[in-house]
Amino acid sequence: DILMISHTMLATEEYLFNLEKVKWKLLVIDEFHAYKSYTSQKSRNLRALKEQQNPLIIGMTGTMFENNHKELWNLADLVETNIFGSLDSFKKKFQKPISYGM
């Protein structure tokens with residue numbers, strides 16, 4: 001099954017509980033930039049759903065994120081878990097060299 005949702009659908013535990021009832025193959029999420037904070041409830045709920053069901057995730061956005069490496073890591077990690085490793089390893093391998101022009 002395929003689900004196309006807005007970013008608000010994963011904002012609460014109630015929505016998450018209802019979404020977990022179906023084994024999703026694909027999630028298409030509009031306004032994906034709303035998930036940029038890895039500490040937000042939306043990001044935590046999406047991560048929980050992904051860990052439980054492992055659906056393919058397509059994030060759509062017309063708004064680019066700010067120049068924040070943690071946001072880049074989180075959005076990429078939500079789509080493809082561990083593509084850049086943990087946040088700490090991402091910081092060492094990418095964020096520090098970019099920040100310091102290395």
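Remember, predicted model here, so these are calculated numbers, not experimental data. For this chain, numbers begin at 1 and follow the sequence in order.
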Check your understanding: For M60 and I29, what are the C-alpha separation, side-chain angles and deciding distance, and is it a side chain to side chain contact (heavy atoms under 4.5 Å, CB included)?
Key -> CA-CA 6 Å; M60 302 184 315; I29 303 172; over 6 Å; no

**Study point:** L75 and Y35: CA distance, side-chain angles, deciding distance, side chain to side chain contact (heavy atoms under 4.5 Å, CB included) verdict
**Key:** CA-CA 7 Å; L75 293 174; Y35 291 82; 4.1 Å; yes

Spatial distance of atom [atom1] ([X]) from atom [atom2] ([Y]) [nearest 0.5 Å]:
X: K96; Y: Y100; atom1: NZ; atom2: OH; result: 7.0 Å
X: F90; Y: L72; atom1: CZ; atom2: CG; result: 4.5 Å
X: K91; Y: W73; atom1: NZ; atom2: CH2; result: 9.5 Å
X: E71; Y: S37; atom1: CD; atom2: OG; result: 7.5 Å
X: L3; Y: M9; atom1: CG; atom2: CE; result: 7.0 Å
X: K70; Y: Y38; atom1: NZ; atom2: OH; result: 4.5 Å

Donor-acceptor list for residues 78-88 side chains, cut-off 3.5 Å, not counting sequence neighbours:
residue: T81; atom: OG1; partner: K50; partner atom: NZ; Å: 3.1
residue: S86; atom: OG; partner: S89; partner atom: N; Å: 3.1
residue: S86; atom: OG; partner: S89; partner atom: OG; Å: 3.3

Within one Ile-Leu-Val-Met-Phe-Trp-Tyr cluster: [X] and [Y], side-chain cutoff 4.5 Å:
X: L56; Y: M4; value: yes
X: L46; Y: I58; value: no
X: V22; Y: V28; value: no

**Study point:** Residues which pass side-chain contact (heavy atoms from CB on, under 4.5 Å) with I2, listed by chain and number, not counting sequence neighbours
**Key:** L26

Non-neighbouring partners of [X] that pass side-chain hydrogen bond (donor to acceptor under 3.5 Å, both in side chains), sequence neighbours left out:
X: H7; value: K42
X: E13; value: Q41
X: N74; value: S43, R47

Give me the atom names and distance for the closest heavy-atom approach of [X] to [Y].
X: P55; Y: W24; value: CB-O, 3.3 Å
X: I57; Y: F32; value: CG2-CE1, 4.4 Å
X: L16; Y: A48; value: CD2-CB, 4.4 Å

Review point. Judged by atom type as modelled, is there a donor-acceptor pair below 3.5 Å linking the side chain of D30 to the main-chain atoms of S6?
Key: no

Exercise for review: Side-chain contact test, heavy atoms from C-beta onward, threshold under 4.5 Å: evaluate it for T12 versus N45 and give yes or no.
Suggested key: no

**Study point:** Pair listing, salt bridge (Lys or Arg N to Asp or Glu O under 4.0 Å) test, anchored in residues 14-27, at least two apart
**Key:** none

